[in-house]
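First up is the structure itself, then whatever we jot down about it.
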Amino acid sequence: MQFRRVRRDDQDHIERLLARRSGADQRDALTEYKVAKRRSGEAIEVVAVDSQGIAGYAIAAQHGDGGYGIELVPRPGTAEVQVAVGLMRQLCASLPPETSGYVWAWRDADITAAEAMDFMRTRRLITMERWLDESDDLDPVVPAGFRLRRFVVGEDEAAWVRVNRRAFAHHPETSAIDEADLRRRQSEDWFDPAGFILAVDDADEVVGYCWTKLHPGSLGEIYIIGVVPEVRGSGLGRALLDAGLADLHRRQGAGRVQLYMDGDDVKLTDFYAANGFTRTFETFAYELVCQPKR
């Protein structure tokens, strides 16, 4: 089996691999951030090649803190652990020495490969879900001094980027979203500015938001939700969540909703659990070592 950097003539084969992997796993083969970086050509990509063609694919995309996030896509049923280890080694050889970042793994093969290379598990991303019904259609109770409104395309981009960076200063992937990344998302078929709810204060400054997304099959998502540090604890986060849930069910027709969050944030996990969400999936982050033990 050969491991190498991606070439231009690999692209169609990679797309077929991603589609096959998504079908086998019943979930997207890559996260949205990696898909965007792949489309823009702002990533390092490698493949595994055997006699049947592309046996695996891996991508390393840089985040705002300078570190890289890596995701692996072995071909279903093809020596997946061997492929995953080879892909990680090839990426390590392609990245600058001492590069920081994480390998994100949730398939058994990817987790086994990361641990076989002595990468240390450091973070956990969890998916939480709940059903929606008529009880979610009530208007939110907004704390005094704030009001909610819809996102206005062409006017709110810069303000949202500033607030998002402050709300997620601790999160390298989410805080890295800039105006170009935001506009790329606005060009996607799923983008709906009416489902992008902003919270503003008495000075009309944006201080929080709840961005929703509707997937096929009436599955809604609290895509990103955040408030700036100085208004945390005011009840504004709960009001934004309620507004997002109401919009997903009442206007967008979602029957179920999901969200993604840091699984080690006990306070936030408890907050969503108290609002009816339960854990359904976990992804683990392994600290990247460009010259792992052999």
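Values below: all heavy atoms of this structure, side chains included; hydrogens, waters and symmetry mates excluded. Since the model is a prediction, treat every value here as computed from it, not as a measurement.
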Would you check if there is a donor-acceptor pair between the side chains of Tyr260 and Glu221 at a distance under 3.5 Å? no
Between the side chains of Arg250 and Asp139, is the shortest nitrogen-to-carboxylate-oxygen separation below 4.0 Å, so that they form an ion pair? yes
Derivation of the side-chain contact (heavy atoms from CB on, under 4.5 Å) call for Phe277 and Val257: CA-CA 9 Å; Phe277 287 83; Val257 61; 3.8 Å; yes
For the residue pair Tyr209 and Asn164, confirm or rule out a side-chain donor-acceptor distance under 3.5 Å. yes
Of all heavy-atom pairs linking Leu72 and Ala84, the shortest is CD1-CB, 4.0 Å
Mind listing the closest non-hydrogen atom pair of Pro193 and Val153 along with its distance? CB-CG2, 3.9 Å
So, does Asp181 use its side chain to make a donor-acceptor pair with the main chain of Asp178 at under 3.5 Å? yes
Answer yes when Asp204 and Arg147 have at least one side-chain N-carboxylate O distance shorter than 4.0 Å, and no when they do not. yes
Minimal heavy-atom distance between Arg130 and Gly276, with the atoms involved, is CB-O, 3.2 Å
Arg256 vs His215, test: side-chain contact (heavy atoms from CB on, under 4.5 Å). Steps then yes/no. CA-CA 10 Å; Arg256 187 164 52 97; His215 297 266; over 6 Å; no
Glu188/Arg184 ion pair, N-O < 4.0 Å: no
When Trp106 is tested against each of Tyr286, Phe281, Phe284 for ring-ring contact (aromatic ring centres under 6.0 Å, His included), which residue passes? Phe281
For Ile14, what are the other residues in its hydrophobic cluster, where any two members join if their side-chain heavy atoms are less than 4.5 angstrom apart? Val6, Leu17, Leu18, Leu30, Val35, Val47, Val49, Ile54, Tyr57, Ile59, Val73
Establish, for the pair Arg89 and Phe3, whether the NZ or CZ atom is under 6.0 angstrom from the six-membered ring centre and no further than 45 degrees off its axis. no
Quick one: does any side-chain atom of Arg123 pair with a main-chain N or O of Trp104 as donor and acceptor, under 3.5 Å? no
Taking all non-hydrogen atoms of both residues, which atom of Trp190 and which atom of Thr212 are closest, and how far apart? CZ3-O, 4.4 Å
Is the closest basic N to carboxylate O distance between Arg27 and Asp25 below 4.0 Å? no
Test Arg162 against Val206 for side-chain contact (heavy atoms from CB on, under 4.5 Å), laying out the working first. CA-CA 9 Å; Arg162 288 194 299 270; Val206 178; over 6 Å; no
If you take all heavy atoms of Ser94 and Arg5, which pair is closest and at what distance? OG-CD, 3.4 Å
Quick check against the 3.5 Å criterion: does Glu157 have a side-chain atom that pairs as donor or acceptor with the backbone of Gly154? yes
Closest contact, heavy atoms only, Ala61 versus Lys34: CB-CD, 3.8 Å
Between Val161 and Val231, is there shared hydrophobic-cluster membership here, with clusters defined by ILVMFWY side-chain heavy atoms closer than 4.5 Å? yes
Salt bridge or not for Arg166 and Glu230, using N-O below 4.0 Å? yes
Would you say the side-chain atoms of Asn275 and Arg238 include a donor-acceptor pair closer than 3.5 Å? yes
Anything under 30° is parallel, anything over 60° is perpendicular, the rest tilted; go ahead and classify Phe196 against Trp211. parallel
Can Glu71 and Thr31 be counted as having a side-chain donor-acceptor contact under 3.5 angstrom? yes
Stepwise ring pair (Phe, Tyr, Trp, His ring centres under 6.0 Å) check, Trp160 with Phe151: CA-CA 9 Å; Trp160 180 83; Phe151 184 94; 7.6 Å; no
Give a yes or no on whether the backbone of Arg7 and the side-chain of Asp10 come within a donor-acceptor separation of less than 3.5 Å. yes
For the pair Phe168 and His170, name the ring-plane relationship: parallel under 30°, tilted 30 to 60°, perpendicular over 60°. parallel
